[in-house]
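Report on the following structure.
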Amino acid sequence: MKVVISGKGGSGKSTISSLLAKELSRRGYRVLVIDTDESNFGLHNQLGLTKPLELMDHLGGKKMMGKKMMESMSTGAKFTLIDEKWTIADIPDECLSRKGDIWLMQIGKVRHFSEGCACPMGSLAREFLEKLTVNDDEIVIVDTEAGIEHMGRGVEKGCDLVLMVVDPSNESIRLSEKIGVIMEEAGKPVHIVLSKIDDRTEPLLRDKIRLPVVASVPFDLKIFSSGLMGDELTCSSSGVMELATFVEEMR
Ligand SMILES: Nc1ncnc2c1ncn2[C@@H]1O[C@H](COP(=O)(O)OP(=O)(O)OP(=O)(O)O)[C@@H](O)[C@H]1O
Ligand SMILES: [Mg+2]
């Protein structure tokens, strides 16, 4: 099972990825969290893990990947960045950070002024997810960057389920309509997780959103403070349990 967590910037994607990973590991699954967001740097903190080596660096770095992409474009040769078929056990140790049954890997981050676009990261994420096979007791959670660029790149191709995180904002409501259309094209099921809601905003969102809502995570001061301090997320909520049960049932 490979689950993509998508949504608007700041809606709570990384928070929900981390809380879901923790809840699923508590239920006995090995959970691999894949950080495909090239712009954010705090997911490992939320999970209480150290930062692993980025897969892109392990494979030779962004420059080398960009060169490979350009070469294949000019020669028309089949473009591959990584070897066929991977299992979680094949992921090099230096690219993994672990605590119990939660494992974290990162695809690659933007680090320098004028270093160029993030295409190599997007291509690597798409290819890696397509070639990664998982066992029944393993769940992969893919934390994405804000918006829909990853969908334009086809990162969801190798995944089974898309969860869109919706916070109480008009932009999130609009984005849910767009994501519904794009994922229908891709033939991937998409479900909604409401985030940072309260008694007043939840019914409003439920009324506006056309896609199926499978869980609601309320605004929680403990989550907010951990986020502000960059601390590990240790709290959970009934919404996260509801979400974990949904993911289990979709397996
Ligand atoms: N349920 C919640 N209750 C209170 N605060 C929350 C909740 N969920 C997320 N937050 C806070 O909202 C902010 C954004 O959360 P998060 O980083 O998870 O969003 P994101 O969608 O991953 O953002 P980005 O698009 O930048 O990757 C953080 O400060 C986080 O602590
Ligand atoms: Mg994030």
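This chain uses plain numbering: 1 for the first residue, then up along the sequence. As the structure lists them, so they are numbered: ligands from 1, and atoms in each ligand from 1. As the structure is a prediction and not an experimental result, all values here were calculated from the model. Just so it is clear, the values below take in all heavy atoms, side chains as well, and ignore hydrogens, waters and symmetry mates.
- Within the set Ile5, Asp37, Asn40, the minimum heavy-atom distance to atom 26 (O) of ligand 1 is found for Asn40.
- Exactly one of Val190, Ile148, Val162 qualifies for a side-chain contact (heavy atoms from CB on, under 4.5 Å) with Ile182. That residue is Ile148.
- Ring-plane geometry between Phe128 and Trp86 is classed as perpendicular, the angle between the planes exceeding 60 degrees on a 0 to 90 degree scale with a lower cut at 30.
- Atoms of ligand 1 lying under 4.0 Å from any heavy atom of Ser14, numbered from 1 in the order shown and given with element: 18 (O), 20 (P), 22 (O).
- For the pair Asp220 and ligand 1, the shortest N or O to N or O distance falls below 3.5 Å.
- Nearest non-hydrogen protein atom to atom 19 (O) of ligand 1 is Gly12 N, 3.1 Å.
- The closest heavy-atom contact to atom 10 (N) of ligand 1, among the options Met229, Lys8, Lys196, Glu145, comes from Lys196.
- For Ser14, the nearest N, O or S atom to the Mg ion (ligand 2) falls under 2.8 Å.
- Using a 4.0 Å cutoff on heavy atoms, Ser39 does not count as a contact of ligand 1.
- At distances below 3.5 Å, at least one donor-acceptor pair connects side-chain atoms of Lys2 with backbone N or O atoms of Gly158.
- For atom 9 (C) of ligand 1, the closest non-hydrogen atom on the protein side is Thr15 OG1, 3.4 Å.
- The shortest N or O to N or O distance between Lys13 and ligand 1 is below 3.5 Å.
- Within 6.0 Å of the NZ atom in Lys208, the count of heavy atoms belonging to other residues, nucleotides or ligands does not exceed 12.
- Of the listed residues (Ser11, Gly10, Gly230), the one carrying the non-hydrogen atom nearest atom 14 (C) of ligand 1 is Gly10.
- Nearest protein neighbour of atom 31 (O) of ligand 1, counting heavy atoms only, is Gly227 CA, 3.4 Å.
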Run the salt bridge (Lys or Arg N to Asp or Glu O under 4.0 Å) check on Lys131 and Asp90 step by step: do they pass?
CA-CA 11 Å; Lys131 291 177 176 171; Asp90 297 326; over 6 Å; no
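- Within 4.0 Å of atom 29 (O) of ligand 1, not a single protein heavy atom is present.
- Within the 3.5 Å criterion, the main-chain N or O of Pro218 finds no donor-acceptor partner in the side chain of Ser195.
- Using modelled atom types, no side-chain atom of Ser172 and backbone atom of Ser169 make a donor-acceptor pair closer than 3.5 Å.
- Atom numbering of ligand 1 starts at 1 in the shown order; those under 4.0 Å from a heavy atom of Ala146 are 25 (O).
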Which is it for Arg111 and Glu54 under the salt bridge (Lys or Arg N to Asp or Glu O under 4.0 Å) test, yes or no, and what are the steps along the way?
CA-CA 12 Å; Arg111 287 190 295 239; Glu54 293 161 22; 3.1 Å; yes
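- A 6.0 Å sphere centred on CZ of Arg174 holds no more than 12 heavy atoms belonging to other residues, nucleotides or ligands.
- Short contacts between ligand 1 and Gly9, defined as distances under 4.0 Å to a heavy atom of the residue, involve ligand atoms 25 (O).
- Here Pro218 has backbone heavy atoms under 4.0 Å from ligand 1, and that is the only part of it that gets that close.
- The main-chain N or O of Cys119 is found under 3.5 Å from a side-chain atom of Ser123 such that the two form a donor-acceptor pair.
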